[in-house]
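Not measured: the values here are computed from a predicted model.
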Amino acid sequence: MVSGTERKYYMLGGKGGVGKTSCAASLAVKFANSGHPTLVVSTDPAHSLSDSFAQDLAGGTLVPVEGPDAPLFALEINPENAREEFRSAAQRNGGTGVKDFMDSMGLGMLAEQLGELKLGELLDTPPPGLDEAIAISKVMQFLESQEYGMFTRIVFDTAPTGHTLRLLSLPDFLDASIGKILKLKQKIASATSAIKSVFGQEETRQDAADKLEHLRERMIKVRELFRDTDSTEFVIVTIPTVMAVSESSRLHASLKKENVPVKRLIVNQILPPSASDCKFCAMKRKDQMRALDIIQGDPELSHLTLIQAPLVDVEIRGVPALRFLGDIIWK
């Protein structure tokens with residue numbers, strides 16, 4: 001994972017509460033200590049990277065993390081900021097602000113059509129899936145912006161399973177949707193231009209279509225990145241319970257459907273060996289062994305590289321603790 005200087009992306013995901021953030025943060029520290037300028041990004045609307053690094057990373061901007069050998073920056077994507085921007089855009093200039101906002105996202109034509117249909121009130125409310133759309137726009141920036149050019153490792157601490165699957169399927173959905181809009185626009189344009197030419201008023205309005213086509217091309221780039229086995233890997237994090245393992249199995253099946261490369265499965269919070277178990281620990285260990293057996297027999301999970309991470313007796317907070325955890329998990 002640390003070899004090579006070309007950029008690589010690692011996404012860590014799974015059920016809520018399995019320790020994704022600790023695993024992602026410890027991997028980022030490991031990369032930085034191995035000489036890689038590293039960026040760790042939280043796409044979870046309920047961020048916990050700040051807690052993990054014991055440092056305030058809020059605000060939606062790059063924040064340097066103190067402690068590692070090479071540069072390590074963290075970024076908590078802030079959906080609330082975008083929601084506020086959306087709401088204030090909706091209220092600017094008596095409602096025309098939202099058109100400017102959507103124009104800047106290449107969606108001006110859609111805003112115009114909504115305006116004609118007198119549906120402006122709908123635009124006061126940010127659309128569902130905005131969190132994922134913002135995360136996608138950040139990934140676009142990682143691909144295109146000079147600001148992120150220095151990073152050779154980018155680690156994503158993703159939201160619980162459902163959010164993450166929406167995020168990964170969004171480029172496909174938008175690609176298909178934009179394709180349909182462009183086809184419809186073409187049909188309407190050819191019909192209206194025929195009418196206008198009769199009256200000698202033909203005019204070309206290619207701007208909106210060009211913007212949509214550009215957005216579509218960027219989406220295709222993001223989709224290709226998510227599926228590129230050379231530069232991207234999704235690491236599933238789980239805990240040794242039957243429920244968590246079942247969800248991980250479904251997650252892997254969904255990732256496979258999206259052609260997202262998965263090689264590793266981290267099973268976190270495993271009880272360390274002990275000579276004398278109390279009754280509670282003995283029962284817990286038995287449960288955990290049963291979950292590990294299920295993984296070995298699961299057609300979705302059995303072929304993945306299994307990484308067992310023990311339950312540790314200290315809270316993992318701050319760079320020294322993350323380095324300690326990283327040395328155990330990412331041997």
side-chain contact (heavy atoms from CB on, under 4.5 Å) assessment of V267 paired with L306: CA-CA 7 Å; V267 184; L306 186 67; 3.3 Å; yes

Derivation and outcome, side-chain contact (heavy atoms from CB on, under 4.5 Å), residues T238 and E247: CA-CA 9 Å; T238 191; E247 182 162 326; over 6 Å; no

Worked verdict on T158 versus T43 for side chain to side chain donor-acceptor pair (under 3.5 Å): CA-CA 5 Å; T158 70; T43 64; 5.2 Å; no

Verdict with supporting geometry, D228 and Y9, side-chain contact (heavy atoms from CB on, under 4.5 Å): CA-CA 10 Å; D228 184 351; Y9 297 82; over 6 Å; no

Stepwise side-chain contact (heavy atoms from CB on, under 4.5 Å) check, L251 with I236: CA-CA 8 Å; L251 170 60; I236 297 175; 4.1 Å; yes

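Remark: side-chain polar atoms of T232 are paired, donor with acceptor, to backbone N or O of L225 under 3.5 angstrom. Looking at Q288, its side chain never comes within 3.5 Å of a backbone N or O of T241 through a donor-acceptor pair. When atom types are taken as modelled, the side chain of D157 and the backbone of V41 share no donor-acceptor pair closer than 3.5 angstrom. No side-chain donor-acceptor contact under 3.5 Å links H36 to the backbone of F151.
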Donor-acceptor pairs are to be reported for all side-chain atoms of residues 318-331 against protein atoms at under 3.5 Å, with residues two or more places apart or in another chain.
{"from": "D327", "atom 1": "OD1", "to": "K30", "atom 2": "NZ", "distance (Å)": "3.0"}
{"from": "W330", "atom 1": "NE1", "to": "S26", "atom 2": "OG", "distance (Å)": "3.1"}
{"from": "K331", "atom 1": "NZ", "to": "I328", "atom 2": "O", "distance (Å)": "3.1"}

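Among all heavy-atom pairs drawn from N268 and G19, the shortest one is ND2-CA, 3.7 Å. For M150 against P37, the heavy-atom pair with the smallest separation is O-CB, 3.5 Å. The two residues Q296 and S302 come nearest to each other via the heavy atoms O-CB, 3.2 Å. Heavy-atom minimum distance, A32 versus P71: CB-O, 4.3 Å. Residues C281 and L271 approach most closely at O-CD1, 3.8 Å, considering heavy atoms. Minimum interatomic distance between N33 and P68 (heavy atoms only, all atoms of both residues): OD1-CA, 3.4 Å.
The cluster map of Ile, Leu, Val, Met, Phe, Trp and Tyr, joined by side-chain heavy atoms under 4.5 Å apart, puts I154 and F234 in the same cluster. When hydrophobic clusters are built by joining Ile, Leu, Val, Met, Phe, Trp and Tyr residues whose side-chain heavy atoms come closer than 4.5 Å, directly or via intermediates, L49 is not grouped with M11. Under the 4.5 Å side-chain heavy-atom criterion for grouping Ile, Leu, Val, Met, Phe, Trp and Tyr, L292 is not connected to V18 through any hydrophobic cluster. In the hydrophobic cluster analysis, where Ile, Leu, Val, Met, Phe, Trp and Tyr join through side-chain heavy atoms closer than 4.5 angstrom, F31 is grouped together with V29. Linking Ile, Leu, Val, Met, Phe, Trp and Tyr whenever their side-chain heavy atoms come within less than 4.5 Å leaves V139 and V155 in two separate clusters.
Proximity of F142 to R7: side-chain heavy atoms (C-beta onward) are separated by under 4.5 Å at one or more points. Side-chain atoms of Y10 and F156, non-hydrogen and from C-beta on, never get closer than 4.5 Å to each other. For the pair P64/L72, no side-chain contact is recorded, criterion being any heavy-atom separation below 4.5 Å from C-beta on. N259 is not listed as a side-chain neighbour of F226, based on a closest heavy-atom distance of 4.5 Å or more. Within the 4.5 Å cutoff, no side-chain heavy atoms of V235 are placed close to those of K263. Looking at heavy atoms from C-beta onward, T152 lies out of side-chain contact with T38 at the 4.5 angstrom threshold. Considering only heavy atoms from C-beta on, L75 stays 4.5 Å or farther from V63 through its side chain. Taking the side chain as every heavy atom from C-beta outward, S48 and K20 never approach each other to under 4.5 Å.
Taking CD1 from I239 and OG from S248, the interatomic distance works out to 9.0 Å, rounded to the nearest 0.5 Å. Taken to the nearest 0.5 Å, the SG atom of C23 stands 13.0 Å off from the CZ atom of R264. A distance of 9.5 Å separates CD in E315 from OG in S52, rounded to the nearest 0.5 Å. Separating the OG atom in S246 from the NZ atom in K15 is a distance of 9.5 Å, to the nearest 0.5 Å.
In this structure, E258 pairs ionically with R227, as a charged nitrogen and a carboxylate oxygen lie closer than 4.0 Å. E233 and K8 are not joined by a salt bridge, as no carboxylate oxygen comes within less than 4.0 angstrom of a charged side-chain nitrogen. A salt bridge between K284 and D287 is absent, with no side-chain N of the basic residue lying under 4.0 Å from a carboxylate O of the acidic one. With respect to the salt-bridge test (charged N to carboxylate O, under 4.0 angstrom), the residues R317 and D51 do not qualify.
S50 and Q55 share no donor-acceptor pair across their side chains, judged by distance under 3.5 Å alone.
In this view, E300 and S249, H252, A253, K256, D298 satisfy the side-chain contact (heavy atoms from CB on, under 4.5 Å) rule, not counting sequence neighbours.
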